[in-house]
K.L.:
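The structure that follows is given in the form of structure tokens.
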2 protein chains.
Amino acid sequence: MTDIERINELAEKYFTAENKKEIEEELKKLLLPNSAGLAQINPKAGDIEYNSKKIVEYINFAQNIGLDLVVFPELIMSGFPLENSIENHPIIANECVKWLNEIAKITTKITAFVGFVEPCEDKFYDSVAVLNGGKITDIIRRKSLPNNSEFNDFNCITPFESLNNMITVNGIKYGILIGEDYRNTEQNADVIVNICAATTKIKNEQIKHSFMSSLAQKYSVPFVYVNQAGATDRASFDGTSRVFDKDGKLFACAKSFEEQFLIVNPVKNLGKIYPSVMLSNNDNQSQFSLDYEPDMERTYKTLIQGIKDYFGKTGFRRAVLGLSGGLDSTVCAVLLTDALGNENVFGVSMPSKITSQTSKDDAQVLAQNLGIGFTVAPIKDMFDTTNNCLQNLFADVEKHWDNRYKQSFTADNIQARSRAMFLWGVSNEFGSCLPIATSDKSEAYMGYATINGDMSGGFAPIADITKTKLFALARWLNKNREQKNAIPQSVIEKRPGAELAIDPKTNKPLIAEDALMPYEFLDEVIWRIENKKENYNIMINSEFLYEKSHSVTREQKTIWLDKFYRRMATALYKKSIMPPFVIVDSPSYNSKQLITSCGINYKCVEEKEIEQKIQQWL
Amino acid sequence: MTDIERINELAEKYFTAENKKEIEEELKKLLLPNSAGLAQINPKAGDIEYNSKKIVEYINFAQNIGLDLVVFPELIMSGFPLENSIENHPIIANECVKWLNEIAKITTKITAFVGFVEPCEDKFYDSVAVLNGGKITDIIRRKSLPNNSEFNDFNCITPFESLNNMITVNGIKYGILIGEDYRNTEQNADVIVNICAATTKIKNEQIKHSFMSSLAQKYSVPFVYVNQAGATDRASFDGTSRVFDKDGKLFACAKSFEEQFLIVNPVKNLGKIYPSVMLSNNDNQSQFSLDYEPDMERTYKTLIQGIKDYFGKTGFRRAVLGLSGGLDSTVCAVLLTDALGNENVFGVSMPSKITSQTSKDDAQVLAQNLGIGFTVAPIKDMFDTTNNCLQNLFADVEKHWDNRYKQSFTADNIQARSRAMFLWGVSNEFGSCLPIATSDKSEAYMGYATINGDMSGGFAPIADITKTKLFALARWLNKNREQKNAIPQSVIEKRPGAELAIDPKTNKPLIAEDALMPYEFLDEVIWRIENKKENYNIMINSEFLYEKSHSVTREQKTIWLDKFYRRMATALYKKSIMPPFVIVDSPSYNSKQLITSCGINYKCVEEKEIEQKIQQWL
């Protein structure tokens with residue numbers, strides 16, 4: 001074991017260790033001059049005291065062992081993102097400064113770079129404070145902001161063209177870059193320090209990695225990247241702080257999706273490369289694929305961090321969910337178990353007369369396998385009472401209104417809403433418990449979920465996972481979790497359906513793909529929109545993966561695409577009230593569309609047709 | 001009647017008239033050279049064909065009567081805002097160009113300025129096309145974008161430093177300003193044309209008005225402002241297009257909250273000033289006041305436009321709502337009646353055993369007064385069945401989990417959710433019908449509403465109106481609607497309460513103010529946060545209006561403020577899933593706060609206390 005490996009082994013042990021003094025002594029001996037600590041913190045948005053405590057503990061440790069420098073991520077004091085909070089509550093920024101001034105007092109023998117939101121008259125800056133010698137000695141402000149920012153924070157923050165961003169510590173000139181301020185890269189630095197809060201976006205990871213490496217090469221200086229860990233509502237930060245040498249070669253990399261204090265020596269190229277989810281995957285696809293394997297570990301860790309942090313940061317610890325025996329609720333139950341512990345998860349099987357025996361059995365077997373709480377609560381009484389009451393009400397409404405549907409979804413929805421009544425009841429009756437919405441991304445796009453029913457809940461773990469990816473995840477979980485095959489094989493094998501209605505054609509419960517379209521096709525449409533910004537016309541003329549193994553007529557494809565866009569447009573309302581979830585795949589964090597934009601025509605119109613229409617309007 | 005008055009009278013009649021040719025002939029004779037039409041359109045976001053039809057009709061009319069110029073608002077072809085739609089569906093921008101090219105063909109004898117989103121490689125510009133002589137002759141791009149934009153659109157749009165924004169039409173040089181691009185004001189223009197899409201924000205209206213007037217004076221040229229009308233989800237545009245002469249004096253002003261084709265002659269100072277809500281009000285308060293009267297008409301029109309456009313643009317026409325006999329549902333029913341017509345509104349009284357006879361009577365009288373559909377649907381059976389089922393379920397959960405509440409809100413919530421079951425049922429069973437969420441802003445801030453209960457629905461008409469303003473609105477409606485006193489006096493006089501629980505202290509239904517705090521105090525806290533960005537410490541040391549008429553101890557005030565901030569933080573989830581509503585008062589359109597930011601400490605912490613905490617952490 002090299003010294004730097006031993007150093008990081010000790011640093012990992014330190015915070016939970018009892019022999020702190022002993023560890024400090026050993027570290028002091030091992031550390032060379034110009035060593036730095038990269039404090040990859042998981043902050044709580046807006047909770048300055050919580051974040052300050054972490055900052056103080058890391059500075060204190062760093063100082064005790066004689067590090068030159070400790071670097072914290074961008075905006076770490078306030079946490080990031082905050083959305084509009086800074087604007088509405090400028091006290092957050094003012095308090096940052098007060099806390100920083102006090103924290104600075106402890107930096108007697110060390111320098112700390114701390115990201116914070118800086119108030120200045122009626123503006124806010126994305127700044128880094130340099131703490132040293134018991135006070136704030138410098139402040140560096142971010143010079144440019146992204147044009148298409150995914151966070152509202154940047155709407156409140158003003159860029160600032162400062163002249164200098166170079167800080168000298170023990171003879172080494174550190175050029176500070178905040179966020180993606182790359183155009184301002186300091187050319188005369190001995191070390192570039194890139195202070196970030198960057199979300200996990202698999203499609204960009206490799207581009208980002210090579211870009212940082214190329215910057216190190218270009219300026220021929222070591223490049224240090226420090227990133228935030230943890231999830232804040234939808235936004236997920238992967239940490240994975242790292243250091244490149246002046247030739248662009250990686251020599252240090254922190255863990256992904258975890259807090260860590262990584263000790264490196266950027267001047268002497270000393271560091272440890274931890275096995276990293278972000279470095280190992282290679283999911284930079286140029287076309288849609290069902291081979292989700294290379295991205296599964298990142299997906300799983302993003303989901304687990306997302307659940308843990310949403311519950312932890314809002315002060316909840318328990319989840320109650322309906323177990324239908326279907327894929328969605330099954331995968332949710334496994335993820336919740338891994339994130340919260342099986343003692344904190346309760347599954348309720350809520351069968352109706354449509355629910356098959358297999359579904360009931362699968363729900364029970366799953367709960368047993370996971371060791372979570374479980375009971376059966378049939379919805380027959382709820383359905384009957386609600387249906388009775390509604391029939392009376394409908395008779396009254398019908399006296400006043402026409403256009404009563406011959407075939408409505410009312411009965412389907414009563415079932416889904418009765419189940420939600422049960423789950424919200426448990427949440428109201430038992431402390432610290434959130435009900436879970438089990439909608440997946442494919443169905444969210446299609447609006448294939450019931451408002452106040454299965455799409456309602458305090459958190460929606462898989463709302464950004466498409467159905468085909470969910471199947472892959474289920475298989476991966478059965479193979480890769482410590483407990484193998486927790487998910488009954490039949491859950492993975494059966495074709496998904498909500499079991500809310502009987503298909504008159506088959507006299508069996510309706511299969512979702514029959515009501516919608518094949519999931520493989522549906523998920524490729526979503527993938528093409530989100531990743532390629534493709535439109536209807538491009539898609540109709542491209543070959544889909546599904547078409548390689550199935551014969552699909554152009555007529556059939558037209559029907560599916562028409563249905564996709566029609567359903568997507570009318571599902572905009574449902575998407576707007578989807579419970580919180582963590583972004584796993586969507587390229588855009590805040591990808592919202594106005595509900596009244598449902599009139600968008602996603603198909604190109606021919607010039608000739610336009611000309612004719614205009615002539616008619618004259 | 002002057003010529004210009006007659007001209008506008010004819011223009012108003014034109015589009016629904018049968019004798020179009022006759023009107024055109026008269027107008028041709030009356031119009032002087034350099035006359036222009038300001039086409040204050042209400043677009044549909046993303047519906048390019050719908051918007052193009054309006055554009056074509058206005059251009060055609062303008063050309064037929066011999067106008068020099070017709071001016072359309074900013075981004076009118078795509079509609080504005082679109083949020084992230086342009087980014088995900090660039091086809092919208094591409095189609096704009098195609099449609100514009102075809103529309104240009106009809107501009108043989110006229111010039112048109114048309115706002116559109118312009119695609120250019122991987123960028124988008126906020127542009128104005130100049131159509132003339134059968135083609136697009138010029139494109140002007142917006143040079144700067146707001147730093148703290150309220151719309152995500154501006155995240156996708158790139159500013160562009162074009163050299164020229166001057167267009168000459170019949171010898172007159174028009175300097176084009178897009179949006180709030182004032183710093184680029186063209187100094188050599190004969191007329192400044194400001195092409196906008198500006199939301200109704202009462203606090204800024206007077207500042208904006210004087211600023212435009214001062215620009216006209218400064219450059220000593222007429223200043224023409226063209227704005228969009230209509231509501232798009234939360235965003236409400238008031239139209240009120242206007243023209244100032246070179247001395248800054250207003251000489252033309254279109255109606256507010258309506259589509260209009262206003263004909264003016266900016267060179268000869270000819271125009272008509274229509275009575276305008278935006279010009280007459282003077283609600284530019286520097287402190288909180290209960291005198292809402294000056295802003296009531298604007299409030300009412302914003303709400304009506306918001307309801308009309310949300311329903312109209314999403315293709316719904318009917319609303320069903322619960323009538324509790326309380327203030328919230330009563331005001332909602334009146335607004336819905338005025339916006340949709342009484343034949344399209346259905347009220348359901350859903351009493352429980354707690355519901356008082358007065359409440360039941362008030363609901364019925366209101367429905368009779370308004371002439372809306374009405375029936376009574378008691379929730380006793382729903383409550384009993386749900387409660388029975390839940391007690392069994394809870395007994396099972398209790399075997400697994402501790403921390404069952406002794407006094408939970410479960411029973412209260414069952415009532416609210418049973419009612420929502422009824423309303424969503426009607427929405428599922430009858431065509432074109434949305435259920436209504438009746439939550440008001442004061443209660444939304446406090447989370448004083450039930451998820452999947454009264455806060456669920458397809459639209460929330462009064463979600464941006466505080467309770468004290470709602471009382472004022474109820475009085476105003478009784479006085480100013482054609483049908484006087486539709487709202488029973490007792491609704492306005494009784495103290496609000498949800499009638500979900502009995503107050504053990506009084507043995508009567510719980511009064512909301514007893515559970516929360518006086519609404520007058522609560523609403524001032526909200527007002528101070530939204531308008532003054534004040535924090536806890538400033539508020540505790542300021543005198544509230546409520547304190548002028550009531551003796552409030554500092555201890556009591558502390559209890560209320562603590563409760564406010566505590567409840568506001570835990571209500572962040574509820575606010576995130578609030579149904580769509582139109583912004584009336586909030587200064588920020590997209591004022592969202594992350595749910596996991598509930599740990600924000602809104603109180604200042606003393607330096608000494610910080611120092612002590614830090615010492616403990618070392």
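Numbers restart at 1 for each chain; the letters A, B, ... are given by sequence-line order, proteins then strands. Only a predicted model underlies this, so the values are computations on that prediction, with no experimental measurement involved.
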K.L.:
Shortest non-hydrogen contact from B:Glu343 to A:Trp401?
P.N.:
O-NE1, 2.9 Å
K.L.:
Side chain, backbone, both or neither: which part of B:Thr158 has an atom under 4.5 Å from a heavy atom of chain A?
P.N.:
both
K.L.:
Which region of B:Tyr573, side chain (C-beta onward) or backbone (N, CA, C, O), has a non-hydrogen atom less than 4.5 Å from a non-hydrogen atom of chain A, or is it both or neither?
P.N.:
side chain
K.L.:
Tell me, side chain or backbone of A:Glu429 under 4.5 Å from chain B's heavy atoms, or both, or neither?
P.N.:
both
K.L.:
Against chain B, work out which of A:Glu530, A:Glu57, A:Glu49 has the most heavy-atom pairs shorter than 4.5 Å and name it.
P.N.:
A:Glu49
K.L.:
Is there a side-chain contact between B:Asp381 and A:Asn388 (heavy atoms, below 4.5 Å)?
P.N.:
no
K.L.:
Is the backbone N or O of B:Val605 less than 3.5 Å from a side-chain atom of A:Lys98, with the two atoms forming a donor-acceptor pair by type?
P.N.:
yes
K.L.:
For A:Glu398, is it the side chain, the backbone, both or neither that has a heavy atom under 4.5 Å from a heavy atom of chain B?
P.N.:
both
K.L.:
Can you give me the closest heavy-atom contact between A:Leu594 and B:Pro81, atom names plus distance?
P.N.:
CD1-O, 2.6 Å
K.L.:
With chain B, which of A:Thr410, A:Asn60, A:Asn413 has the greatest number of heavy-atom pairs at distances under 4.5 Å?
P.N.:
A:Thr410
K.L.:
Does any donor atom in the side chain of A:Asn428 or B:Arg417 lie under 3.5 Å from an acceptor atom in the other side chain?
P.N.:
yes
K.L.:
Among A:Asp412, A:Val56, A:Ile414, which residue forms the greatest number of heavy-atom pairs with chain B at distances under 4.5 Å?
P.N.:
A:Val56
K.L.:
Measure the spacing between SG of A:Cys389 and CD1 of B:Ile379 and express it to the nearest 0.5 Å.
P.N.:
10.0 Å
K.L.:
Give, as side chain, backbone, both or neither, the part of A:Tyr405 having an atom under 4.5 angstrom from any heavy atom of chain B.
P.N.:
both
K.L.:
Any non-hydrogen side-chain atom of B:Phe430 less than 4.5 Å from a side-chain atom of A:His400?
P.N.:
no
K.L.:
Which atoms form the tightest heavy-atom contact between B:Ala45 and A:Ile600, and what is the distance?
P.N.:
O-CG1, 4.1 Å
K.L.:
Output the option from A:Lys44, A:Lys53, A:Met382 having the highest count of non-hydrogen pairs under 4.5 Å with chain B.
P.N.:
A:Lys53
K.L.:
At a heavy-atom distance under 4.5 Å, which candidate from A:Asp309, A:Val320, A:Leu390, A:Asn64 has the highest pair count against chain B?
P.N.:
A:Leu390
K.L.:
Heavy-atom distance under 4.5 Å to chain A: side chain of B:Ile103, backbone, both or neither?
P.N.:
both
K.L.:
Does any non-hydrogen side-chain atom of A:Glu102 lie less than 4.5 Å from one of B:Lys613?
P.N.:
no
K.L.:
For residues B:Cys604 and A:Ile91, report the shortest heavy-atom separation together with the two atoms involved.
P.N.:
N-CD1, 3.7 Å
K.L.:
Please look at B:Ile92 and chain A and tell me whether the side chain, the backbone, both or neither of the residue comes under 4.5 angstrom of a heavy atom of that chain.
P.N.:
side chain
K.L.:
I'd like to know which of B:Asn101, B:Asp402, B:Ile48 tops the heavy-atom pair count under 4.5 Å against chain A.
P.N.:
B:Asp402
K.L.:
Between A:Val348 and B:Leu393, is there a side-chain heavy-atom distance shorter than 4.5 Å?
P.N.:
yes
K.L.:
Answer with side chain, backbone, both or neither: which region of A:Ser78 has an atom nearer than 4.5 Å to a non-hydrogen atom of chain B?
P.N.:
neither
K.L.:
With a 4.5 Å cut-off on heavy-atom pairs, point out which of A:Val397, A:Ile529, A:Asp47, A:Thr314 contacts chain B the most.
P.N.:
A:Val397
K.L.:
Grab the two heavy atoms, one from A:Ile577 and one from B:Pro579, that are nearest each other, plus how far apart they are.
P.N.:
CG2-CA, 4.4 Å
K.L.:
Measuring from A:Ile614:CD1 to B:Ser52:OG, what's the distance to the nearest 0.5 Å?
P.N.:
6.5 Å
K.L.:
Which heavy-atom pair separates A:Ile610 from B:Trp99 by the least distance, and what is that distance?
P.N.:
CG2-CE3, 3.4 Å
K.L.:
Would you confirm whether A:Trp617, through its side chain, and B:Lys54, through its main-chain N or O, come within 3.5 Å as a donor-acceptor pair?
P.N.:
no
K.L.:
Report which part of A:Ile538 has an atom under 4.5 Å of a heavy atom belonging to chain B: side chain, backbone, both, or neither.
P.N.:
neither
K.L.:
Is it the backbone or the side chain of A:Thr570 that comes under 4.5 Å from a heavy atom of chain B, or both, or neither?
P.N.:
neither
K.L.:
Side chain, backbone, both or neither: which part of B:Glu611 has a heavy atom under 4.5 Å from chain A?
P.N.:
both
K.L.:
For the atom pair CD (B:Gln593) and CD (A:Glu87), what is the distance rounded to the nearest 0.5 Å?
P.N.:
11.0 Å
K.L.:
Could you tell me which portion of B:Lys399 (side chain, backbone, both or neither) has an atom closer than 4.5 angstrom to a non-hydrogen atom of chain A?
P.N.:
neither
K.L.:
Can you tell me which portion of B:Ala420 sits under 4.5 Å from chain A's heavy atoms? Options are side chain, backbone, both or neither.
P.N.:
side chain
K.L.:
Which atoms of B:Ile157 come close to chain A, meaning under 4.5 Å heavy atom to heavy atom: side chain ones, backbone ones, both, or neither?
P.N.:
backbone
K.L.:
Measure distances from B:Tyr602 to the heavy atoms of chain A and classify the residue's part below 4.5 Å as side chain, backbone, both or neither.
P.N.:
both
K.L.:
Given a strict heavy-atom distance threshold of 4.5 Å, which part of B:Asn392 is in contact with chain A: side chain, backbone, both, or neither?
P.N.:
neither
K.L.:
Would you sort out whether B:Trp424 and A:Thr450 count as a side-chain contact (heavy atoms from CB on, under 4.5 Å), showing the intermediate values?
P.N.:
CA-CA 10 Å; B:Trp424 280 100; A:Thr450 302; over 6 Å; no
K.L.:
Atom OG1 of A:Thr232 and atom CD1 of B:Ile595: how far apart are they, to the nearest 0.5 Å?
P.N.:
11.5 Å
K.L.:
Counting heavy-atom pairs under 4.5 Å to chain A, which of B:Gly431, B:Ser408, B:Gly312 comes out on top?
P.N.:
B:Gly431
K.L.:
Distance check, rounded to the nearest 0.5 Å: A:Met421 atom CE versus B:Thr385 atom OG1?
P.N.:
9.5 Å
